[in-house]
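Notes for the one structure printed next.
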Amino acid sequence: MAAGLQAVRGMNDVLPDEAAVWQRFEDTARNVFERYGYRNVRVPVVEATPLYVRSIGEHTDVVEREMYTFEDKLNGESLTLRPEATAGIVRAAIEHNLTYERPLRIWTGGPMFRHERPQKGRYRQFHQLDVEALGFPGPDVDAEQIAMLARLWLALGLSGISLMINSIGDAAERRAHRDALIAHFERHRDVLDENAKRRLHANPLRILDSKHPPLQDAIANAPRLLDQLGDASRAHFDGLRRLLDDARIAYTVNPRLVRGLDYYNRTVFEWVTDALGAQGTVAGGGRYDGLFEELGGRPTPACGFAIGVERMILLLDAQGKAQAAPLDGYVVHAGEKAGAVARQVAETLRDHGATIVVHAGGGSFKSQMKKADASGARLAIIVGDDEAAAGTVAIKHLREGGDQTAVPIADVVARFAALNTSRDEYASL
Ligand code: HAM
């Protein structure tokens with residue numbers, strides 16, 4: 001291929017076999033979200049850069065080095081390809097006064113862009129399904145969203161995804177915790193390495209990630225934000241735990257769980273699997289009660305999450321749940337009259353919900369049957385001019401062998417369904 005005409009590094013094509021799995025995943029998710037009353041919205045993939053700086057936070061990895069930011073040459077405005085969906089949704093909700101009369105449950109989906117180092121499960125263009133509840137103080141809606149995800153894993157037949165929850169309190173509680181951390185590590189100055197010393201006042205939370213062996217005791221004993229929550233944050237977290245217990249949803253409280261975006265407060269949660277190596281977080285979210293005000297809106301408590309679609313597809317594949325639904329039938333035909341009957345029979349079967357390909361491009365019966373086989377269809381429907389004249393077609397099972405059966409055209413729907421028994425979706429045929 002000519003140099004420079006390949007896809008951009010970290011941005012992938014989703015080819016038809018894989019796209020079928022994406023669609024099955026997206027259909028299942030949409031169906032689950034809508035059963036909980038979440039409605040679809042669509043927002044642009046490009047927003048003004050300050051939106052992300054203000055919402056995600058100036059000193060996060062995403063804003064500091066991962067955003068695709070460019071100047072709109074026509075008017076000099078700084079624009080950014082969305083690295084996530086929440087900021088755009090909140091912007092739209094403020095702009096259109098969406099929560100003025102009542103709170104709102106919504107979801108969206110599509111590509112997001114982050115200039116990260118590509119590896120399995122981490123890409124520069126990736127896709128999320130993103131769910132937001134705007135105007136709800138929680139914790140009932142926090143638990144609802146977690147339950148919705150538990151239902152989705154079940155509907156997809158997935159296992160081994162575990163839930164971690166934490167509360168990161170409010171801004172004042174985080175400030176107090178930061179001061180406590182600095183004081184704690186000041187008392188252990190003798191074991192700090194150069195890195196930790198440098199971070200001590202700039203970002204003491206990062207010291208908790210250090211692998212420096214002499215530091216490990218001090219890290220283990222460091223004050224935990226979860227132990228320092230004020231009454232309101234504590235009650236919220238206890239409420240969430242009770243609701244999850246009532247719903248029999250298993251979780252681990254992970255006091256170290258923090259998120260990479262600055263807008264969160266109180267509830268944060270992640271669903272993780274160890275089946276995908278380093279990129280094991282398949283969904284993550286939490287509460288962002290201050291974001292509307294930060295972006296110039298009225299105070300509006302809110303909670304949401306996003307699912308990483310590529311990671312879900314990898315997981316479906318790893319757990320053998322990624323088979324695309326096969327074709328029901330492939331119609332082969334030779335002769336002019338046969339072609340007309342073939343197309344008419346195919347339309348009738350489609351009217352009843354079956355997926356049918358009609359052979360295109362001519363060729364002998366033998367070569368058409370080879371194509372029928374290769375298509376993965378369960379059944380071949382064979383129409384020749386003789387059959388057409390007699391008002392019949394032949395149906396042959398391509399997977400289980402056996403003879404072909406002559407079927408009057410008027411009975412095709414019923415006989416096709418009976419022969420195609422392994423598909424329960426078509427029980428109504
Ligand atoms: P996030 O944790 O940054 O949260 O991303 C959510 C999910 O998107 C991750 O758990 C992961 O599955 C997937 N993901 C993130 N980056 C990549 C990447 N480079 N390649 C592949 N997958 C990726 C958010 O984006 C928040 N907006 C979620 C949210 C909604 N919070 C409240 N409402």
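Only this structure's heavy atoms are used, side chains among them; waters, hydrogens and symmetry mates stay out. Indexing begins at 1, ligand by ligand and atom by atom, following the structure's order.
Ligand 1 has an N or O atom lying under 3.5 Å from an N or O atom of F305, backbone or side chain.
With a 4.0 Å cut-off on non-hydrogen atoms, V282 touches ligand 1 through its backbone and not its side chain. In F269, neither the side chain nor the backbone holds a heavy atom less than 4.0 Å from any atom of ligand 1. At a heavy-atom distance under 4.0 Å, only side-chain atoms of R114, from C-beta outward, approach ligand 1. With a 4.0 Å heavy-atom cut-off, ligand 1 is reached by the side chain of E132 but not by its N, CA, C or O.
A salt bridge between R224 and D227 is present, with a side-chain N of the basic residue lying under 4.0 Å from a carboxylate O of the acidic one. Electrostatic pairing of R39 and E34 does not count as a salt bridge here, judged by no charged N lying under 4.0 Å from a carboxylate O. Under a 4.0 Å N-O distance rule, the pair E95/R91 qualifies as a salt bridge. Using a 4.0 Å cut-off between charged nitrogen and carboxylate oxygen, D27 and R30 count as a salt-bridge pair. A salt bridge links E144 to R105: one of the charged nitrogens lies within less than 4.0 Å of a carboxylate oxygen. A salt bridge between D246 and R242 is absent, with no side-chain N of the basic residue lying under 4.0 Å from a carboxylate O of the acidic one.
The protein atom (non-hydrogen) at minimum distance from atom 8 (O) of ligand 1 is Q128 NE2, 3.2 Å. At the shortest separation from atom 2 (O) of ligand 1 among protein heavy atoms lies R259 NH2, 2.8 Å. Protein heavy atom in closest approach to atom 27 (N) of ligand 1: E84 OE1, 2.6 Å. Atom 23 (C) of ligand 1 has its closest protein heavy atom at F126 CD1, 3.4 Å. In this structure, atom 28 (C) of ligand 1 lies nearest to the protein heavy atom Y264 OH, 3.4 Å. Counting protein heavy atoms only, atom 20 (N) of ligand 1 is closest to Y123 N, 3.0 Å. The closest protein non-hydrogen atom to atom 13 (C) of ligand 1 is G308 CA, 3.6 Å. For atom 19 (N) of ligand 1, the closest heavy atom belonging to the protein is E116 OE2, 2.6 Å.
D142 and H236 share a donor-acceptor pair across their side chains, judged by distance under 3.5 Å alone.
Atom CD1 of I94 and atom OG1 of T300 lie 7.0 Å apart (nearest 0.5 Å). Atom CZ of residue R9 and atom OH of residue Y123 lie 12.5 Å apart, to the nearest 0.5 angstrom.
Not close to ligand 1: E310, with no non-hydrogen atom less than 4.0 angstrom away. Using a non-hydrogen distance threshold of 4.0 Å, W271 does not register as a contact of ligand 1.
Summarising the geometry of Y52 relative to E47, their closest heavy-atom pair is OH-CG, 3.1 Å, with the distance given to 0.1 Å.
Ranked by closest heavy atom to atom 21 (C) of ligand 1, the top entry among A133, G121, G284, A302 is G121.
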Check your understanding: Is there a salt bridge (charged side-chain N to carboxylate O under 4.0 Å, His left out) between R175 and D179 once you walk through the steps?
Key -> CA-CA 6 Å; R175 267 197 305 278; D179 292 345; over 6 Å; no

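Under a 4.0 Å criterion applied to the non-hydrogen atoms of Y263, ligand 1 contributes the atoms 26 (C), 27 (N), 31 (N). Within ligand 1, the atoms closer than 4.0 Å to a non-hydrogen atom of G285 are 31 (N), numbered from 1 in the order shown.
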